[in-house]
Amino acid sequence: DVKVTQSSRYLVKRTGEKVFLECVQDMDHENMFWYRQDPGLGLRLIYFSYDVKMKEKGDIPEGYSVSREKKERFSLILESASTNQTSMYLCASSTRLAAKGVDTQYFGPGTRLTVL
Amino acid sequence: AQKVTQAQTEISVVEKEDVTLDCVYETRDTTYYLFWYKQPPSGELVFLIRRNSFDEQNEISGRYSWNFQKSTSSFNFTITASQVVDSAVYFCALSEKDSWGKLQFGAGTQVVVTP
């Protein structure tokens, strides 16, 4: 069965703190993604990774960084949290098909982050 | 520019009514993929269906059906005989060829089914 887990369901941090959001998948997927979800905006891609140690910026990378040291784990880092980063963060993974092909993404349960 | 438009913000129905969710997409690629996901109150996105641009055959799966029409760039989703458990936010998403599978989501449609 497909399984993507995220380290926390709810997180409260203070402005300026460094925040780590962890995502683990057990499906041996090559691709992993971080999205943030805000009301009325749907999900927006922050960063993605198509292999270990590889990363690519998504649509809204500003204020975020990522780390992929192991295939199963993809971390999202907020170097200095700000109130406008209060949001729901969703991690996803998918198989890598040939020639940057498209496969179904499977999502974790999300982390609701509040920055005070 | 918004590539996936879900014009309906919220739809409220009474149990057993049918509900249709609209999705209009925009792409210049000839090869692309469309998805529907469901997000129940628990928050996790649940994959429902995936279609590629070369397969316009409409599909029925239980109470769910999908209508893909390239001519109007639409990929609509219908729930027949809705149930309270169908209450959720439904997202339509587009992935273009050579994109590493990146998804572009619509804003979502909240479906509320009351007994």
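Sequence lines set the chain letters: A, B, ... in the order given, protein chains first and strands last, and positions in each chain run from 1. The model shown is predicted, which means the values in this text are computed figures rather than measured ones.
The two residues Gln105(A) and Lys102(B) have their closest heavy-atom pair at NE2-CA, 4.1 Å. Listed here is the closest heavy atom pair of Gly40(A) and Ala107(B): O-CB, 3.4 Å.
Taken from CG in Leu103(B) to OH in Tyr35(A), the straight-line distance is 4.0 Å, to the nearest 0.5 Å. Atoms CZ and OH, on Phe107(A) and Tyr37(B) in that order, are 5.0 Å from each other to the nearest 0.5 Å.
Linking Ile, Leu, Val, Met, Phe, Trp and Tyr whenever their side-chain heavy atoms come within less than 4.5 Å leaves Leu43(A) and Leu113(A) in two separate clusters. Linking Ile, Leu, Val, Met, Phe, Trp and Tyr residues whenever their side-chain heavy atoms come within less than 4.5 Å places Ile11(B) and Trp36(B) in a single cluster. Tracing side-chain contacts under 4.5 Å through hydrophobic residues (I, L, V, M, F, W, Y), one reaches Leu48(B) starting from Phe68(B); they form part of the same cluster. In the hydrophobic clustering of ILVMFWY residues, with side-chain heavy atoms under 4.5 Å counting as a link, Trp34(A) and Phe105(B) come out apart. Tracing side-chain contacts under 4.5 Å through hydrophobic residues (I, L, V, M, F, W, Y), one reaches Phe33(A) starting from Met88(A); they form part of the same cluster.
Residue contact with chain B, scored on non-hydrogen atoms closer than 4.5 Å, involves the side chain of Arg9(A) exclusively. Contacts of Gln39(B) with chain A are made by side-chain atoms alone, with heavy-atom separations under 4.5 Å and no backbone atom involved. Looking at Leu45(A), the atoms closer than 4.5 Å to chain B (heavy atoms on both sides) all sit in the side chain, from C-beta outward.
The greatest number of non-hydrogen atom pairs below 4.5 Å with chain B, out of Pro39(A), Gly108(A), Gly110(A), is found for Gly108(A).
Summarising the local packing, CG of Leu116(A) is surrounded by more than 12 heavy atoms from other residues, nucleotides or ligands at distances under 6.0 Å.
Contacts with chain B (heavy atom to heavy atom, under 4.5 Å) involve these residues of residues 46-73 of chain A, listed by number: Phe48(A), Tyr50(A).
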